[in-house]
Amino acid sequence: MGLQACLLGLFALILSGKCSYSPEPDQRRTLPPGWVSLGRADPEEELSLTFALRQQNLERLSELVQAVSDPNSPQYGKYLTLENVADLVRPSPLTLHTVQKWLLAAGAQKCHSVITQDFLTCWLSIRQAELLLPGAQFHHYVEGPTETHVVRSPRPYQLPQALAPHVDFVGGLHRFPPTSSLRQRPEPQVTGTVGLHLGVTPSVIRKRYNLTSQDVGSGTSNNSQACAQFLEQYFHDSDLAQFMRLFGGNFAHQASVTRVVGQQGRGRAGIEASLDVQYLMSAGANISTWVYSSPGDSGAGCWSVSGRHQFRPTFPASSPYVTTVGGTSFQEPFLITNEIVDYISGGGFSNVFPRPSYQEEAVAKFLSSSPHLPPSSYFNASGRAYPDVAALSDGYWVVSNRVPIPWVSGTSASTPVFGGLLSLINEHRILSGRPPLGFLNPRLYQQHGAGLFDVTHGCHASCLDEEVEGQGFCSGPGWDPVTGWGTPNFPALLKTLLNP
């Protein structure tokens, strides 16, 4: 009887707005730079919202992640299946029933869930959504030269208090797509011709990171890697084929993706999605590659499916469960030399996630020994520190809309390169009867960056104020919050990660 009374009261709470709570007290209230409001959305227009339902057994899940990722654990490499994870975290029957009844009463339609049942996406009219989420007020927005359109609410929303034990947050209201980190830089001046290269291509990457023509996938193992493309960022098959004709002549490769999951748009190719596919498939050469396509709120990203590596730059880079990739450039432009910090490389300390135990020793050593720390009030010294590793991020060639484009730069370039190289290492592990690497970070920090080139010169850009004068964190020996443990030396990294 109590449950029935609760459910009957939910719709009244929707209309009255009483006894409500804010699930996200830090909701953005300011418009990100580059976005312009086009005015209120039509009340009868439809939009999709994603409801994050309260998961169960998260502490147990965290314990299992640590166990299968720690080389010293007897559970190392004994990964859970998706079905195992779903059984562990699936919301309670009460949560599922309560939220479904609430949405049904509000008129939500075409709802679909995921295997774990912790995310539920539904379509509603703007009028229904604003009644469902008191405080929300939906507007159309457009951004920059790409003319990206979204519908968002500039005002915070609330939920009925009765849903507090059941709903963590609602997606699709106020988070705007992040601005791409990719930049097209001016062409540097050439001062010599010895070891000259005309921008970063697969051949330059393979030479710098010591890959031979034999360092490619076998094409016979159960190994795969993937990219994700969001917010109408699409790659084109014709661009990938042209890229491989131009730059893939000296190593075995695949010139088309194995499978596209989701809707592949027919509009213009996005340079970020093009870069992801082209450099994942040239670094992780001759390995089956899938592309996941969704109209969601991010840019693009890559990971190694067989090893569950997540290398999506638009994930929160500071998440302790993501291997974050920083950026470097050559010390001498156009010469394949040592690397220094690319000043646009991200990095620092999270204000959201606490520092995970696997990096405690490395970060404490950096904080106690670095001569170039910003003032303590500028960063959260106890937060998760990142990046974990790095790779070249400056001066890439990309083919987009059948046009070769030079000097593309950003950590969106370094990310697929590092992910592809880990796919090659997974190939060796699978062929030798071992499980794929899985979540890399605990092992990476235990081995103190073995198999990586340590980048020790350069700082990334920061605030232009009197105290720091534009200088952020600086690189140094060992781990640092600019290039992590460093950039890949493939033969040494393979040797380090092949066993056990």
Side-chain angles (χ1 to χ4, degrees), residues 34 142-149 177-188 197-205 225-249 253-260 262-285 289-302 311-314 325 327 329 342 344 391-420:
V142 64
E143 186 266 338
T146 59
E147 295 191 353
T148 301
H149 288 79
T179 302
S180 172
S181 65
L182 292 178
R183 299 289 185 271
Q184 192 169 6
R185 292 182 175 171
E187 177 179 352
H197 71 86
L198 300 177
V200 174
T201 66
S203 294
V204 171
I205 288 169
Q225 57 189 5
C227 282
Q229 53 188 20
F230 303 90
L231 200 69
E232 301 181 7
Q233 270 273 343
Y234 301 114
F235 84 100
H236 284 180
D237 285 313
S238 57
D239 290 339
L240 174 60
Q242 183 178 349
F243 178 85
M244 289 302 185
R245 284 195 299 271
L246 289 172
F247 304 118
H253 61 267
Q254 299 181 13
S256 61
V257 302
T258 303
R259 182 177 176 183
V260 175
Q263 184 177 358
Q264 169 72 339
R266 297 181 179 180
R268 290 178 59 81
I271 192 168
E272 190 156 358
S274 302
L275 182 150
D276 274 346
V277 173
Q278 290 164 19
Y279 280 90
L280 182 66
M281 293 184 67
S282 54
T289 303
W290 291 27
V291 173
Y292 289 81
S293 183
S294 169
D297 295 344
S298 302
C302 301
F311 281 90
R312 295 175 61 180
T314 50
V325 186
S329 59
D342 186 347
I344 63 172
L392 285 165
S393 60
D394 185 26
Y396 278 62
W397 280 90
V398 181
V399 175
S400 187
N401 299 297
R402 302 197 176 190
V403 177
I405 302 173
W407 320 126
V408 175
S409 302
T411 51
S412 291
S414 56
T415 297
V417 168
F418 207 102

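When a residue number appears, it is its place in the shown sequence, counting from 1.
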Taking every non-hydrogen atom, the tightest pair across L280 and Q225: O-NE2, 3.3 Å
Stepwise side chain to side chain contact (heavy atoms under 4.5 Å, CB included) test for T289 and Q254: CA-CA 9 Å; T289 303; Q254 299 181 13; 5.5 Å; no
Chi angles and distances behind the side chain to side chain contact (heavy atoms under 4.5 Å, CB included) call for V291, V277: CA-CA 8 Å; V291 173; V277 173; 4.0 Å; yes
is_close_aromatic(F235, F243), centroid dist under 6.0 Å: no
Any donor-acceptor N/O pair, W397 side chain to L198 backbone, under 3.5 Å: yes
Residues in side chain to side chain donor-acceptor pair (under 3.5 Å) contact with S256, at least two apart in sequence or another chain: none
Verdict with reasoning, Y234 to S293, per side chain to side chain contact (heavy atoms under 4.5 Å, CB included): CA-CA 8 Å; Y234 301 114; S293 183; 3.5 Å; yes
Minimum side-chain heavy-atom gap V325-T411 below 4.5 Å: no
Test item: H253 side-chain N/O and G248 main-chain N/O as donor-acceptor pair under 3.5 Å: yes
Check: S393 side chain, S414 main-chain N or O, donor-acceptor pair, under 3.5 Å: no
A269 backbone acceptor or donor facing N401 side chain under 3.5 Å: yes
S409 backbone acceptor or donor facing D394 side chain under 3.5 Å: no
L240 side, atom CG; S400 side, atom OG - distance, nearest 0.5 Å: 12.0 Å
Parallel, tilted or perpendicular: ring planes of Y396 versus Y279, cut at 30 and 60 degrees: perpendicular
Heavy-atom side-chain proximity of M244 to S282 below 4.5 angstrom: yes
